[in-house]
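Positions are given from 1 along the sequence. Just so we're clear, the structure is a prediction, and the values are computed from it rather than from any experiment.
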Amino acid sequence: MNKKDLLPILFAAGLTFLVTKPVDAHHAFSAEFDAEQPIELKGVVTKLELVNPHSWLYLDVKQPDGNPANWGFEFGAPFSLKQKGITKASLPVGSEVTVQGFRAKNGKNFGYVVTTILSDGRAVKTGGAQDAPGAQENPAQ
């Protein structure tokens with residue numbers, strides 16, 4: 001194939017790239033979390049993952065028998081959290097926080113957090129899903 005034959009192919013490929021819209025593979029809040037199961041849990045931070053598209057907070061939550069159970073909570077995107085003042089320094093391992101949100105549909109120890117109450121008492125909207133019932137100040141009440 002010579003350069004003259006390659007030009008129309010490159011033009012068509014470039015045009016296709018310019019006119020197509022990328023498709024974002026993204027789940028909806030309602031696909032994984034249950035708006036009918038609000039939760040409010042207090043626990044000790046074991047890990048914070050500031051990753052795209054959703055950050056994750058892990059807490060050890062004391063169970064009725066006194067033993068801890070590790071929970072994972074979906075947060076908003078790292079950039080959004082940073083704009084709200086949430087960094088690894090504001091949620092250090094070992095700090096105690098309260099999360100308010102919704103439980104996972106599968107019943108496992110996972111949830112979606114709408115509001116996080118930091119150890120200094122500051123409440124921060126940490127959820128990022130557009131379809132989450134986040135308009136409520138305290139979903140667990």
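When the side chains of ILVMFWY residues are joined at heavy-atom separations under 4.5 Å, either directly or via intervening members, W71 and L118 end up in a single hydrophobic cluster. Cluster membership check: V44 does not share its hydrophobic cluster with L91, using side-chain heavy-atom separations under 4.5 Å among Ile, Leu, Val, Met, Phe, Trp and Tyr.
A distance of 7.5 Å separates CG of L48 from OG of S90, quoted to the nearest 0.5 Å. Taking CG of L41 as the start and CD of Q100 as the end, the distance is 10.0 Å to the nearest 0.5 Å.
At distances below 3.5 Å, at least one donor-acceptor pair connects side-chain atoms of Q63 with backbone N or O atoms of V61.
Note: W56 and F110 have perpendicular aromatic rings, judged against thresholds of 30 and 60 degrees for the angle between ring planes.
As a member of the Ile/Leu/Val/Met/Phe/Trp/Tyr network built from side-chain separations under 4.5 Å, V51 groups with nothing else and remains a singleton.
Considering only residues two or more places apart in sequence or on other chains, Q83 meets the side-chain contact (heavy atoms from CB on, under 4.5 Å) condition with F79. Contacts of T116 classified as side-chain hydrogen bond (donor to acceptor under 3.5 Å, both in side chains), with partners at least two apart in sequence or in another chain: T126. Evaluation of the side-chain contact (heavy atoms from CB on, under 4.5 Å) rule for K47 yields E49, Y58 as partners, not counting sequence neighbours. In terms of the side-chain contact (heavy atoms from CB on, under 4.5 Å) criterion, residue partners of S95 (sequence neighbours excluded) are, by chain and number, V45, P92, V97, S119. D120 pairs by the salt bridge (Lys or Arg N to Asp or Glu O under 4.0 Å) definition with R122, not counting sequence neighbours. A search for side-chain contact (heavy atoms from CB on, under 4.5 Å) contacts involving K42 returns E96, T98, not counting sequence neighbours. In this structure D65 satisfies the side-chain hydrogen bond (donor to acceptor under 3.5 Å, both in side chains) test together with N67, sequence neighbours excluded. Taking D60 as the reference, N70 meet the side-chain hydrogen bond (donor to acceptor under 3.5 Å, both in side chains) condition, with sequence neighbours excluded. Annotation: side-chain hydrogen bond (donor to acceptor under 3.5 Å, both in side chains) contacts of N106 (sequence neighbours excluded): none.
Within 6.0 Å of NZ on K84 lie more than 12 heavy atoms contributed by other residues, nucleotides or ligands.
Closest non-hydrogen pair, S55 versus L50, comes out as OG-CA, 3.4 Å. In plain terms, the two heavy atoms of T115 and A123 that are nearest each other are CG2-CB, 4.0 Å.
Put simply, the side chain of D34 does not reach to within 4.5 Å of the side chain of R103, judged on heavy atoms.
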Point to revise | Derivation and outcome, side chain to side chain contact (heavy atoms under 4.5 Å, CB included), residues V99 and L59 | key: CA-CA 10 Å; V99 293; L59 303 177; 4.1 Å; yes

